[in-house]
Visitor: 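I am attaching a structure below and will ask some questions about it afterwards.
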Amino acid sequence: MPRTQETVLEIDLRALKHNFEYLKSRITKGAKLLVVVKAYAYGSDANQIAKYLEKLDVDYFAVAYTNEGVALRDAGITKPILVLHPQPINYKTLIERCLEPSLYNFNSFNNFLEVATNEQQQNYPIHIKFNTGLNRLGFNEIDIEAIYNKLQTTASVKVKSIFSHLAASEDLNENEFTLRQIQSFQSITELFINTFGYKPMLHLCNTSGILNYPEAHLDMVRSGIGIYGFGNSEKENKNFIPIATLKSVISQIHTIEKGETVGYNRAFKSDSDLKTATIPIGHADGIGRQYGNGKGFVTINGNPAYIVGNVCMDMIMVNVSDIDCQEGDEVIVFGKQPNASQFAERANTISYEIITAISQRIKRLIIK
Ligand SMILES: *Cc1c(COP(=O)(O)O)cnc(C)c1O
């Protein structure tokens with residue numbers, strides 16, 4: 001790999017394949033694997049990731065919003081795509097592009113039925129989401145009868161799956177709560193099957209659900225973060241390889257004398273002589289101001305270089321007093337070591353936030 005000459009997010013498809021195959025090895029035989037490619041495939045490159053996963057014969061994709069599904073169809077993706085959180089204003093587009101909606105309350109459900117009927121659809125696949133404790137989106141068990149009654153009046157849609165989402169599958173201290181969610185989904189499933197007279201596909205687990213609750217894999221599992229290389233625990237992280245490496249370069253090196261300040265608002269005041277390096281990545285690229293003033297660090301020639309002063313929009317300055325480096329040298333923000341989870345920890349956040357925050361102006365470089 002030649003040294004980078006600008007800020008770039010490298011995407012390692014071999015790592016992606018490893019994570020995909022590792023997850024498959026952890027999934028109950030016969031269960032399908034849906035890969036969540038929302039938010040540009042967790043900040044990487046949704047089109048490239050989805051194309052590669054289609055070659056690996058993934059079963060299903062999910063996105064959050066309709067426009068994300070449209071972009072995948074434009075890129076030639078043909079596998080089924082579940083849209084987890086579409087808005088009624090986009091239902092017509094959603095149908096035109098063969099995307100499958102998650103419907104989670106009577107407002108979304110009635111609206112979709114109306115649009116599907118107007119569009120003269122027959123058995124259009126829909127997915128019904130139930131709330132089992134996350135209290136974010138979802139019908140309740142008590143709504144099943146009304147859903148059934150409403151569906152008796154039309155043949156425009158057909159329930160392809162019912163699903164729910166776990167609130168704390170990565171946190172074993174919440175094991176009891178998660179088991180209650182699993183039980184609650186089971187009860188919903190039984191009533192649904194009794195009422196409707198057939199069994200739709202059932203799915204409940206996200207990545208940590210897959211790893212920690214093998215008894216709940218059901219007909220399909222939904223993985224996001226695992227595919228991108230994180231297992232949400234020290235133990236499980238060892239089984240995954242982060243696919244994304246954020247790299248940059250040193251633009252300029254400064255010698256700062258005792259008493260001088262660095263950056264906006266003069267937030268850093270030097271109490272000794274030091275050497276700083278200016279790096280072309282800033283808060284507009286996803287490195288938030290919370291990483292400033294000594295919290296976050298980048299890695300230069302194997303050594304940590306902490307951020308000096310405030311994070312600027314397009315730049316950070318880092319302390320390289322004790323690092324042998326020159327202008328033009330490569331900088332690692334996060335990748336395999338330190339990984340995005342370790343980088344994010346310094347600002348009290350999680351891998352999910354930092355990887356999805358990397359701005360679209362940063363070039364994605366696919367490594368085959
Ligand atoms: C984002 C999302 C997932 C993926 O979760 P991970 O923890 O990244 O595996 C699964 N299901 C739903 C409903 C989601 O919104």
Visitor: D219 and salt bridge (charged side-chain N to carboxylate O under 4.0 Å, His left out): which single residue from K199, K160, K32, K29 fits?
Guide: K199
Visitor: Is D57 salt-bridged to K24, cutoff N-O under 4.0 Å?
Guide: no
Visitor: Do I49 and I243 have side chains that approach each other closer than 4.5 Å (heavy atoms only, starting at C-beta)?
Guide: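 A side-chain contact exists here, since the closest heavy-atom pair is under 4.5 Å.
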Visitor: If we ignore angles and hydrogens, is there a donor and acceptor under 3.5 Å between the side chains of Y52 and D45?
Guide: no
Visitor: Taking the side chain as every heavy atom from C-beta outward, state whether I162 and F130 have any atom pair closer than 4.5 Å.
Guide: yes
Visitor: For a side chain to side chain contact (heavy atoms under 4.5 Å, CB included) check, start with the C-alpha distance between H85 and Y104, then their side-chain angles and the critical distance, and finish with the verdict.
Guide: CA-CA 9 Å; H85 196 181; Y104 49 87; 3.8 Å; yes
Visitor: Going by atom types only, do E141 and S187 share a side-chain donor-acceptor pair under 3.5 Å?
Guide: yes
Visitor: Is K158 close enough and on-axis enough to Y198, meaning under 6.0 Å and within 45°, for cation-pi?
Guide: yes
Visitor: Looking at I323, is its backbone amide N or carbonyl O close enough to the side chain of K275 to form a donor-acceptor pair, meaning the two atoms are under 3.5 Å apart?
Guide: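 Judged by distance alone, yes, a pair lies under 3.5 Å.
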Visitor: What class does the angle between the rings of F196 and Y148 fall in, given that below 30° is parallel, 30 to 60° is tilted and above 60° is perpendicular?
Guide: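 F196 vs Y148 ring planes: perpendicular.
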Visitor: Using only heavy-atom distances, determine whether the side chains of S223 and T207 contain a donor-acceptor pair under 3.5 Å.
Guide: yes
Visitor: Do I354 and Y40 share a hydrophobic cluster (ILVMFWY, side-chain heavy atoms under 4.5 Å, transitive)?
Guide: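 No, I354 and Y40 fall in different hydrophobic clusters.
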Visitor: Testing I316, V331, I358 for side chain to side chain contact (heavy atoms under 4.5 Å, CB included) with I281, which one passes?
Guide: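 One option only clears the test, and that one is I316.
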Visitor: Please check if any side-chain donor atom of N310 sits under 3.5 Å from a side-chain acceptor atom of N293, or the reverse.
Guide: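 Yes, because at least one side-chain N or O of N310 sits under 3.5 Å from a partner of the opposite role on N293.
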Visitor: Give a yes-or-no answer on whether the side chains of T132 and S184 include a donor-acceptor pair shorter than 3.5 Å.
Guide: no
